[in-house]
Every structure is written in structure tokens, then in C-alpha cells.
Amino acid sequence: MKMKTISINIKESVFEETEKLSSELKKSTENYINEAIEYYNIHQNRKLLAQKLKDESYLVKKESMNVLKDFEEIDYEN
């Protein structure tokens with residue numbers, strides 16, 4: 001697996017908690033952070049997908065209402 005090296009600045013309190021938890025879980029801090037980022041990426045992708053579905057559902061609803069209105073305006077007796 002190809003790895004990239006990055007440099008980040010994080011709050012000292014976040015780093016301390018990260019080191020504490022990774023130690024308790026018997027994982028390297030690097031692995032812990034990789035897993036955390038992977039989990040957060042999954043979470044964000046799901047949020048983006050949910051928003052996309054919501055937006056598209058609204059468009060479908062709007063178009064369905066227009067079609068329904070068109071049907072209501074049809075004079076079936078003639």
C-alpha cells in the first residue's frame with residue numbers, strides 16, 4: 001500500500017487524547033489516525049449522498065406536482 005507523508009497542525013488536547021486512545025487500543029498513532037480519517041471520509045461521503053438524494057427527491061417531487069397539475073386541468077368530459 002502506497003503511503004503519503006503529510007504535516008498537520010492539531011490542537012494539543014486532540015493529539016494527547018489521540019495518543020492516549022491509540023495506546024489503550026494497542027495501535028500506533030499513525031494507524032489510529034489513518035483509521036479515524038478513513039471513518040470520517042465514509043461519514044462525509046454518506047452525508048453528501050444523503051444531501052444529493054434529498055435534492056434530487058425535491059426535483060422529482062416538484063416535477064410530479066407539475067404533472068399532477070397538468071392532469072387536473074384536462075377536461076375529460078369532452
Side-chain angles (χ1 to χ4, degrees):
M1 172 183 297
K2 194 171 182 181
M3 302 288 270
K4 291 282 189 179
T5 300
I6 64 170
S7 174
I8 61 171
N9 293 313
I10 61 174
K11 296 177 190 173
E12 189 172 332
S13 61
V14 172
F15 182 73
E16 288 171 359
E17 184 174 12
T18 299
E19 286 206 311
K20 178 183 170 208
L21 288 168
S22 63
S23 176
E24 288 180 23
L25 294 168
K26 296 182 178 19
K27 294 182 180 194
S28 70
T29 302
E30 178 181 322
N31 284 342
Y32 182 87
I33 291 171
N34 271 308
E35 288 178 7
I37 292 171
E38 187 176 0
Y39 177 81
Y40 190 72
N41 286 345
I42 291 168
H43 173 74
Q44 290 301 318
N45 277 318
R46 286 181 179 166
K47 281 179 61 174
L48 289 171
L49 179 59
Q51 185 61 50
K52 185 176 180 181
L53 289 172
K54 182 179 175 183
D55 294 345
E56 290 178 4
S57 293
Y58 175 77
L59 294 174
V60 169
K61 175 185 171 186
K62 189 175 177 183
E63 184 59 28
S64 294
M65 294 304 288
N66 288 336
V67 170
L68 182 59
K69 183 178 176 186
D70 290 344
F71 275 115
E72 288 175 346
E73 292 174 356
I74 295 175
D75 183 5
Y76 290 104
E77 293 182 15
N78 289 332

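Counting from 1, the numbers follow the sequence of the chain as shown.
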When the side chains of residues 41-48 are checked against the rest of the protein, which donor-acceptor pairs come out under 3.5 Å, sequence neighbours left out?
from  : atom 1 : to    : atom 2 : distance (Å)
Gln44 : NE2    : Tyr40 : OH     : 3.0
Asn45 : ND2    : Asn41 : O      : 3.2

Practice problem: Tell me, please, which residues at least two apart from Asn34 pass side chain to side chain donor-acceptor pair (under 3.5 Å). | Solution: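 Partners of Asn34 under the side chain to side chain donor-acceptor pair (under 3.5 Å) test: none.
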
Quiz prompt | Transitive ILVMFWY cluster of Val60, excluding itself - 4.5 Å side-chain cut-off | solution =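 Members alongside Val60: none; it stands by itself.
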
Exercise. Give me the other members of the hydrophobic cluster that Tyr39 sits in, counting Ile, Leu, Val, Met, Phe, Trp and Tyr linked by side-chain heavy atoms under 4.5 Å, directly or via other members.
Key: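 The other cluster members (ILVMFWY side chains, heavy atoms under 4.5 Å, direct or chained): none.
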
Exercise. Find the distance between OH (Tyr32) and CG (Leu21) and round it off to the nearest 0.5 Å.
Key: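 Going from the OH atom of Tyr32 to the CG atom of Leu21 covers 4.0 Å.
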
Holding to side chain to side chain contact (heavy atoms under 4.5 Å, CB included), I want the full list of residues that pass it with [X], two or more places apart in sequence or in another chain.
| X | answer |
| --- | --- |
| Lys54 | Gln51 |
| Ile8 | Ile6, Ile10 |
| Val67 | Glu63, Phe71 |

Quiz item: Under the side-chain hydrogen bond (donor to acceptor under 3.5 Å, both in side chains) rule, what pairs show up with a residue in residues 12-25, not counting sequence neighbours?
Solution: Ser22-Thr29

